[in-house]
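For reference, the structure is listed below as structure tokens.
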Number of protein chains: 2
Amino acid sequence: MARVGLTTERLVKAGAELADEVGFEQVTASELARRFDVKVASLYSHVKNTQDLKTRITLFALQELADRAADAIAGRAGKDALVAFANVYRDYEREHPGRAAAARMRLDPETAAASAGVRHAQMTRALLRGYDIAEPDATHAVRLLGSVFHGYASLESAGGFSHSAPDSEETWTRILDALDALLHNWPAPPTP
Amino acid sequence: MARVGLTTERLVKAGAELADEVGFEQVTASELARRFDVKVASLYSHVKNTQDLKTRITLFALQELADRAADAIAGRAGKDALVAFANVYRDYEREHPGRAAAARMRLDPETAAASAGVRHAQMTRALLRGYDIAEPDATHAVRLLGSVFHGYASLESAGGFSHSAPDSEETWTRILDALDALLHNWPAPPTP
DNA sequence: GCGTCTACCTAAAGCATTTAGGCAAATGGG
DNA sequence: CCCATTTGCCTAAATGCTTTAGGTAGACGC
């Protein structure tokens, strides 16, 4: 009865790797146990259930992504920061598709509020300091950027832009150009 | 042995309703059989397997959504068309969250190419006739709009914008204002 | 009314999830 | 160094979803 040294952390990490290999939806307690050469029931000492495992993978991915984003925008401003920030999401999707899918999983409100998701919003807001957008428009812009990054990654990973010209790479840079232009020229609210 | 009159179509329709009630991920052959008061195995004469069922629900949702979108943009142009088109996605998400989630499911390339997804792209491109954007920039713009609609619906349905000011409704109209402005002022490609 | 099709059935195997309870390996105090 | 406690991993078993194979009876054409 050799002890493998399971911990919640190791399970989550391995679960994230599994997600990258087989897809987040296909992450299963059985497969994870197989990889640790351990019986399935043993996982349940470290993780409440499969949903709990997936939630933890999501939180892990959000944190990893936030760390990368923080790194990317440090010391940059304006379009430079916008591009670096956006590319973090795009690169993460390519490097870790399973974790990226996990990061898009819906969390219940309390869990979400305690997640690194709030750091993402804060960093996006910080990005806007390079542009001249005051509240409450900054919030609208934050939400737009979130939607674009989220949506683009999702569509691209679903193969939405592949096998058709122009290639996805070019679209991405042109979208960032467009967003930069838009943020420089954010339309005033309609005067009621 | 009363015959209920199962058909693939009825199953897909009921599956879509089930998705709206319990979430697309929770659509299961067992539950569907329960609703028809039929044994699970009976479904397998009409549907290849659960994955096939889900794919069909996705195709159904994409088509329904495309029909609504076509209705919305008929006889409209410019910002008027943009807003009507975008609101179709937003309203669909609210009215049929399960089907909307289904519409975001990734399809394999051949299935996707034969789906109503291509109509969505065509209609989006038609929208751009109200603006002055030539190829290949039109494709970039189509992809941007797709990303925004897709991403916003997804984030909103995940509760990303709820319980925080300003409210999601206002953000949505301001985002549409911004997109309209952006399309009017689409930045030229960088001169190499 | 008969034959044929087919819609729905029963049966069974496979796999994932989850809980309950047990044994042995690690850990640390005497 | 040894024993006691903790705890990591086990076996066993129940439940539920998926899928296939083969049977039976209702619907429908002739």
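So you know, we letter chains A, B, ... as the sequences are listed, proteins then strands, and number each from 1. Because only heavy atoms are used, hydrogens play no part in the values below, and waters and symmetry mates are left out as well, while side chains stay in. Since we're looking at a predicted model, the values are computed, not measured.
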Nucleotide nearest [X] when distance is taken to its side chain, options [options]:
X	options	value
Ser42(A)	dC9(D), dC8(C), dT18(D)	dC9(D)
Ala41(A)	dC9(D), dA12(D), dA7(C)	dA12(D)
His46(B)	dC8(C), dT17(C), dT19(D)	dC8(C)

**Report entry** Test item: side-chain donor near acceptor, Arg125(B) and Thr139(B), under 3.5 Å
**Finding:**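 Yes - a donor-acceptor pair under 3.5 Å links their side chains.
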Sequence neighbours left out, what passes ring-ring contact (aromatic ring centres under 6.0 Å, His included) with [X]? Give chain and number order.
X	answer
Phe60(A)	none
His150(A)	none
Trp186(B)	none
His46(A)	none

Query raised in the report: Does Ser45(A) put a side-chain nitrogen or oxygen below 4.0 Å from OP1 or OP2 of dG8(D)?
Result: no
Length of the line joining [X]:[atom1] and [N]:[atom2], which is rounded to integer Å:
X	N	atom1	atom2	value
Arg34(B)	dC17(D)	CZ	C1'	9 Å
Tyr44(B)	dG23(D)	OH	C1'	20 Å
Leu6(A)	dA26(C)	CG	P	14 Å
Lys39(A)	dG21(C)	NZ	C1'	17 Å

Requested in this report: With heavy atoms under 4.0 Å as the rule, sort Val4(A) into base, sugar-phosphate or nothing.
Outcome: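 If one applies the 4.0 Å heavy-atom cut-off, Val4(A) turns out to touch the sugar-phosphate alone, with no base involved.
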Got a list of side-chain donor-acceptor pairs under 3.5 Å for residues 176-185 of chain A, not counting sequence neighbours?
from	atom 1	to	atom 2	distance (Å)
Asp177(A)	OD1	Lys79(A)	NZ	2.5
Asp180(A)	OD1	Tyr131(A)	OH	2.5

Query raised in the report: Of the residues in residues 18-32 of chain A, which ones touch DNA chain D at a heavy-atom distance under 4.0 Å?
Result: none
Report task. Kindly state which residues belonging to residues 48-58 of chain B come within less than 4.0 angstrom of DNA chain D, counting heavy atoms of the residue only, listed by number. Result -> Asn49(B), Thr50(B)
Query raised in the report: What pairs of residues pass the salt bridge (Lys or Arg N to Asp or Glu O under 4.0 Å) test when at least one of them lies in residues 151-163 of chain B, not counting sequence neighbours?
Result: Arg90(B)-Glu156(B), Arg94(B)-Glu156(B)
**Report entry** side chain to side chain contact (heavy atoms under 4.5 Å, CB included) involving Asp91(A) - partner list, sequence neighbours excluded
**Finding:** Asn87(A)
Query raised in the report: Is it true that Glu25(A) and Arg106(B) have a side-chain N and a carboxylate O under 4.0 angstrom from each other?
Result: no
